[in-house]
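If you read the sequence from its start, that first residue is 1, and numbering goes on from there.
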Amino acid sequence: MSVPAVHEAGRLLMAYGFGHLGLHRIWAGHRSDHHRMATVMHAAGLRPEATLNQLFRTQGIWHDVTTPLRPSAPWPS
């Protein structure tokens, strides 16, 4: 997928979640060292809320996870 397509997919997911599903908030999680994912989350309107330190371990390395979210309040209905 191209970058514009990824950003549009994020926008559509937010619209569906807040509009059709009526969700109060949408959150996600990604490895804190995955900087491209942070950019995608930001483009979808999610902002970092918390970091879960050493949440999981792969190949002998512990990884932190950032949990960005977007509350429904600023979303136009």
| task | Mind listing the closest non-hydrogen atom pair of Thr67 and Leu52 along with its distance? | result | CG2-CD1, 3.8 Å

| field | Heavy-atom closest contact (Met14 atom, Ala44 atom, distance) | value | CG-O, 3.3 Å

| Taking the side chain as C-beta and beyond, is there a heavy-atom pair between Pro68 and Arg47 under 4.5 Å? | no

| said: List the residues meeting ring-ring contact (aromatic ring centres under 6.0 Å, His included) with His30, not counting sequence neighbours, and say none if there are none. | reply: none

| CG on Leu13 to CD on Glu8, rounded to 0.5 Å | 10.0 Å

| message | Please determine whether residues Leu69 and Ile26 belong to a single hydrophobic cluster, defined as Ile, Leu, Val, Met, Phe, Trp and Tyr linked transitively by side-chain heavy-atom distances below 4.5 Å. | response | no

| When you check the side-chain N and O atoms of His63 and Ser32, is any donor under 3.5 Å from an acceptor? | no

| Do you know the tightest heavy-atom contact between Phe18 and Leu23? | CD2-O, 3.3 Å

| query | Could you give the distance from CG (Asn53) to CH2 (Trp62), rounded to the nearest 0.5 Å? | reply | 11.5 Å

| task | Check step by step if side chain to side chain contact (heavy atoms under 4.5 Å, CB included) holds for Gln54 and Asp64. | result | CA-CA 5 Å; Gln54 298 182 351; Asp64 297 344; 4.1 Å; yes

| message | Could you tell me if the side chain of Trp27 sits less than 4.5 Å from the side chain of Arg70, heavy atoms only? | response | no

| said: Do the side chains of Glu49 and Arg25 get close enough for a salt bridge, i.e. N-O under 4.0 angstrom? | reply: yes

| request: Indicate yes or no: at least one non-hydrogen side-chain atom of Met37 is less than 4.5 angstrom from one of Thr66. | output: no

